[in-house]
Number of protein chains: 2
Amino acid sequence: MTNNDLQERAINTIRFLSADGVQKANSGHPGLPMGAAVIAYTIWTKHLKINPANPQWIDRDRFILSGGHGSMLLYSLLHLSGHTLSLEDLKQFRQWGSLTPGHPEYSLTPGIETTTGPLGQGFSNGVGMAIAEAHLAAEFNRDEQEIVNHYTYAIVTDGDLMEGVASEAASLAGTLSLGKIIYLYDDNNISIEGSTDLTFTEDCAKRFEAYRWHVQKIEDGNNVEQINAAIKAAKKDPRPSLIICPTIIGFGLPTKQGTAKAHGEPAGEEELRTAKKNFGWPTDQDFYIPEDVRDHFLEIREKGKATERQWQDTFNKYKDQHPDLAQEFQRRINLDLPQGWDADLTQFAKDQKGMATRKSSGEILNQLADKLPELMGGSADLAPSNNTWLNSSAAFQKNNTSGRNLHYGVREHAMGAVVNGMAYHKGILPYGATFLVFSDYMRGALRISALSHLRTIWVYTHDSIGLGEDGPTHQPVEHLAALRAIPNFSLIRPCDANEVRAAWIAAVSRSQGPTALVFTRQNVPTLDRTKFAAAEGLLKGAYVLADLGSKDPEIILMASGSEVHLIIEAGMKLSEAGHAVRLVSFPSWDLFENQNQAYKDSVLPSTIKKRLSIEAGICMGWEKWVGECGICLGMKTFGASAPANKLFQEFGITADQVLEHALKLLRE
Amino acid sequence: MTNNDLQERAINTIRFLSADGVQKANSGHPGLPMGAAVIAYTIWTKHLKINPANPQWIDRDRFILSGGHGSMLLYSLLHLSGHTLSLEDLKQFRQWGSLTPGHPEYSLTPGIETTTGPLGQGFSNGVGMAIAEAHLAAEFNRDEQEIVNHYTYAIVTDGDLMEGVASEAASLAGTLSLGKIIYLYDDNNISIEGSTDLTFTEDCAKRFEAYRWHVQKIEDGNNVEQINAAIKAAKKDPRPSLIICPTIIGFGLPTKQGTAKAHGEPAGEEELRTAKKNFGWPTDQDFYIPEDVRDHFLEIREKGKATERQWQDTFNKYKDQHPDLAQEFQRRINLDLPQGWDADLTQFAKDQKGMATRKSSGEILNQLADKLPELMGGSADLAPSNNTWLNSSAAFQKNNTSGRNLHYGVREHAMGAVVNGMAYHKGILPYGATFLVFSDYMRGALRISALSHLRTIWVYTHDSIGLGEDGPTHQPVEHLAALRAIPNFSLIRPCDANEVRAAWIAAVSRSQGPTALVFTRQNVPTLDRTKFAAAEGLLKGAYVLADLGSKDPEIILMASGSEVHLIIEAGMKLSEAGHAVRLVSFPSWDLFENQNQAYKDSVLPSTIKKRLSIEAGICMGWEKWVGECGICLGMKTFGASAPANKLFQEFGITADQVLEHALKLLRE
């Protein structure tokens, strides 16, 4: 037990390191770190099982600062606990190239578990982490060797609790009774526009009880003992826990504490000096860390080493007794794929009637699932339509966390953040599915997935007006463009069952970012690959399906997904009429962009200026591939409610239209 | 009081009309209409104040079917109550060009109040409608003349309640105590993947009580008297009301009722025939309406005429006593703008230091607010940063609904749907604001805004890496492209204070769809309009700022927003070096697309092939404007955390880069 004076000074060290960081950067958010320092101190010194010398240790507790704007709190803790983040790094807060950006970024700074800032994401990521933990524990723990057994902590804010994504995730966590979740709510009654009375008067305790959480409300969020006792109680309860901690934003700032002014701007030199004086803190130096406080915090590091060593002993015994399991566990944690994982996937026979790519996806996914036990996911209540159910496994449920099928519920945004959470955790290759049009509901999470370089897979079916009668509310038109727009986000829209196989291989192989697989509701022909190039061309993003005619091609017809068979049909007719036509299947812009210039030129030679693209979405961006003389066929408006074939006719997404426009180009 | 037999047959008429519609279309959702028919019947025959002969009557109650997939329920009710929707229209369910699309579409079908289908939207639109009602009541009602006094009803589903957007909206509605909201929850325990036990086990009643709603749970959602009594109690309570009605999905379908199979596919001929037989319904005809049932429902029409007539009497008295107010009321309902609304807006003087466009926006917005009392909105907890506070008005709060400033809270998605709800209601010109990057959180609502042709305005500030230190989580990169992708969605990114004025004029003038106004955090120069063309050129989307040099232009430099001053700087240097340069300000692609070809050619003549664009976002789509020989400068990755100037340097968004690439083009 620490003496109270040391403890108090340790907490003030966190407060003033954070405030100094913000002051030096002349930008940032001092309010959260100063107000929630006691909460963070209690978690980090009394509970958090981590080894700062090895932030990758798999059985560590996870800590999430869901209000990422309070990043200096996290950086202060990382530094003090002996992570490889120097005092110099703290002084570089918010500067170019530093390890201490304005909001915490995963994969940049050692010890950062999640990229946070957009509110609600961190809260919801934690639900995914807890799912991963529960699942891996069920799969790998044996008898007395609990190699997976850790908590997910978060500090969450008013803003997080107002966001819908967190509501969705909380409801899911309650349904699944994810007891390893322990969230501390920094309840400071202040948001940017002022008191939460203006806009957030709900009874949070009652709301979380309604979600089936274990809720405690302590008296004082500045009291270590109260927080400590509440965390202990939380650990004993089988439900996810919310601990409501009344705090004062910017605690210690003489004129700003308890007001919105403390939230998002530097305290100011004078204000900060007075605060330090009032706390008996040296006013003549910044980034001050008393020696005994430094030693005190470094106990986290020492304790962490010992704790991991203990775990390693357990794991060594585990390895002796269950060598295959141990190897498998390490493979999965390292995100390695098993030998032969992509062998023996179905080669689909040619078939003019064909099948919906969502159907072939369902087949391939199930084959992959047999080889990749890490593959785990589900749909936002559309599994029967998305074809994402793993037949060889059960549902992940409260009483069966070994199940690999997740019922996310009608909660697209939380699904996104939960999938991200599983990926952050490691050991899982997670996926989420819904209709393509509802990718709109989850873009907040998709963006973070790309920014954090997470290995995630998104299955989007019903990818165009081809979904038919459900009408424009359900027909994506702009979504291919909108998803392609996200940096480091891969999008693949395969044209037939064999391209579906290749698309899944591309998605599973990608380790440094998310992949969206985009599938049709309706049937598309399975191409005869003796006449057309192999479907593995998909891995290069675009490839020549065939050059029709014996001359050099006069025109290039290109398409993605369900429109590829249209260019084939039109191409055949042009060829019969004596034209030399190149047919290009173009399932992925980003994969094509990644190819070298020679390959790109070989598919789209600059000498062939007559080019036509067709896609059942808006044209935006296709101009890049067809060039100035080319023609882009696509949707210009929202869709409509009618049978799919009628819609393709009415909106001009037909082989006839390709033919007509191609002839026009050839005449020019 | 109706006799029970007639009532029962009236309800069965709704059930079987709906099921027949789905069966005939061979596509659709019979489960909701059959399960919730009693709820709908009770609302429509015993409470809903509408006049089917005039579905535009402003003081009607609003009715929302938030689970839009149950559209046949709504179409049946519209037909039976005597709206201009024929039985033939019902038979055309889900067919090309019909008035009965798969999901209800506002502005297509008379009597449809909202476009629903994407879950959670309708629920949240109702909150906006109730805000509009409360505000207009506070502004216009006088003494005994309550010209605005109506309820907002909705039937909401499990899916709606799972969606985060509805959680956000519910919390806001509770905070604002919007007592005119009466929602009936079709609690059927079934979602597409099966029982809600799998994924949705929360205590909904408790959750809504936590939001400060008035919650009632009746015994039987098939009991007219219970529903009726609950609605009466809801009307008496000052809080928004949720009435939980336990129902059976697909009620009456012998093998499918109460299962997920009843949700989203036709019942099947045999199943439906048996159902009809069991209910004593003729099995030999479809779309059957007993004569006395027809008469019974047409009482809604008769009652409605009388009720509107009564209202009209009141309004006539009101007109006598308050002629100006009456005229103003009608103007606002008609979405007319007052004479001179756009006169006298500030003409900003040239200023090299300039100002942030979010600041000039704040000024113009406040000037407009003085002339346009219908302008009403706010921010998702970022008003001080978005500069969206109306200084001449108070906050809209529980006890002051005359306030025009809304505190939406940290609830971007609900803000979107609430703004849409105010627009659906009419009488308000609503806006919502946040950082551009968080447009991602609200795309579900933005899309519906565009699809429904709503007059809405979205203020998006902090529009690029120019926001600086907050880093990549807060820096939009792909968002301009992603928003431009939405059909019927206007996006304007003005380059200086005077273009800001013109942008607001464009947004307010647009009556048939949403407009996003995109503003900088950082200062941009106010251009000298004696040297450059007038800022009103913005209204055409793109315009020639100036042709530098006396020759015909050799090159076109184009940019939007904060990058316009970069092309000016580079252009000056090119001009000094003897080149003839055209400078084009390009704030809006969609406005430019709307111009005739002659104007477009006058700005971007096809003879000038050397073109360069620069924008601090991804390049996608700019290829269309620069052509094959052109160069697009922009962002290729996410941003980073550092001071803004450093970021512009590092990411190459500078006048030097424009100059360098322009020279390269000129050398070619």
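Just so it is clear, the model here is predicted, and its values are computed rather than measured. So that the names make sense, note that chain A is the first sequence line, chain B the second, and so on, each numbered from 1.
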So for [X], is it side chain, backbone, both, or neither that comes closer than 4.5 Å to the heavy atoms of chain A?
X        : answer
B:Ile486 : both
B:Tyr211 : both
B:Glu105 : side chain
B:Phe208 : neither
B:Ser171 : both
B:His69  : neither
B:Gln397 : side chain
B:Ser191 : both
B:Glu593 : neither
B:Lys624 : both
B:Asp197 : backbone
B:Trp589 : side chain
B:Ala450 : both
B:Ala383 : both

Only pairs of heavy atoms separated by less than 4.5 Å count here; which of [options] has the most with chain B?
options                                : result
A:Ser98, A:Gly174, A:Ser379, A:Ala414  : A:Ser379
A:Gln121, A:Arg484, A:Lys636, A:Met635 : A:Gln121
A:Lys398, A:His479, A:Met442           : A:His479

Heavy-atom side-chain proximity of B:Thr473 to A:Leu451 below 4.5 angstrom: yes
Please tell me if the side chains of B:Gln95 and A:Pro643 come closer than 4.5 Å, counting only heavy atoms from C-beta onward. yes
Hey, what do you get for [atom1] ([X]) to [atom2] ([Y]), rounding to the nearest 0.5 Å?
X        : Y        : atom1 : atom2 : answer
B:His407 : A:Leu198 : NE2   : CG    : 4.0 Å
B:Met620 : A:Met620 : CE    : CE    : 3.5 Å
A:Ser167 : B:Leu161 : OG    : CG    : 12.0 Å
B:His413 : A:His413 : NE2   : NE2   : 9.5 Å
B:Glu202 : A:Trp213 : CD    : CH2   : 12.5 Å

Between chain A and each of [options], count heavy-atom pairs under 4.5 Å; write down the option with the most.
options                               : result
B:Gly621, B:Gly117, B:Pro472          : B:Pro472
B:Glu469, B:Glu623, B:Lys646          : B:Glu469
B:Gly120, B:Gly28, B:Gly409           : B:Gly409
B:Ala166, B:Gly159, B:Gly471, B:Ala25 : B:Gly159

Nearest heavy-atom neighbours spanning [X] and [Y]:
X        : Y        : result
A:Pro384 : B:Glu193 : CD-CG, 4.1 Å
B:Ala210 : A:Arg207 : CB-N, 3.4 Å
A:His29  : B:Asp470 : CE1-OD1, 3.7 Å
B:Arg447 : A:Asp440 : CD-OD2, 3.5 Å
B:Glu628 : A:Gly627 : CD-CA, 3.9 Å
A:Thr201 : B:Arg212 : O-NE, 2.8 Å

Heavy-atom proximity to chain B below 4.5 Å, by part of [X]:
X        : result
A:Gln649 : neither
A:Val437 : side chain
A:Leu382 : both
A:Phe200 : both

Flag if over 12 foreign heavy atoms under 6.0 Å of NZ, A:Lys206: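 Yes - once you tally the heavy atoms of other residues, nucleotides and ligands closer than 6.0 Å, there are more than 12.
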Do B:Thr199 and A:Thr175 pair up side chain to side chain, a donor and an acceptor below 3.5 Å, judged on atom types alone?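 No, A:Thr175 and B:Thr199 have no side-chain donor paired with an acceptor closer than 3.5 Å.
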Would you say the side-chain atoms of [X] pair up with the backbone N or O of [Y], donor to acceptor, closer than 3.5 Å?
X        : Y        : value
A:Asp381 : B:Ile192 : yes
A:Tyr441 : B:Leu119 : yes
B:Glu478 : A:Pro487 : no
A:Arg443 : B:Arg443 : no
B:Ser641 : A:Gly102 : yes

B:Met162 and side-chain contact (heavy atoms from CB on, under 4.5 Å): which single residue from A:Arg411, A:Glu168, A:Glu412 fits?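 Among A:Arg411, A:Glu168, A:Glu412, the one that satisfies the side-chain contact (heavy atoms from CB on, under 4.5 Å) with B:Met162 is A:Arg411.
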Would A:Trp96 and B:Phe648 satisfy ring-ring contact (aromatic ring centres under 6.0 Å, His included), going step by step from the backbone distance to the final call? CA-CA 11 Å; A:Trp96 177 258; B:Phe648 283 119; over 10 Å; no
Mutual orientation of the aromatic rings belonging to B:His103 and A:His474 [parallel < 30°, tilted 30-60°, perpendicular > 60°]: parallel
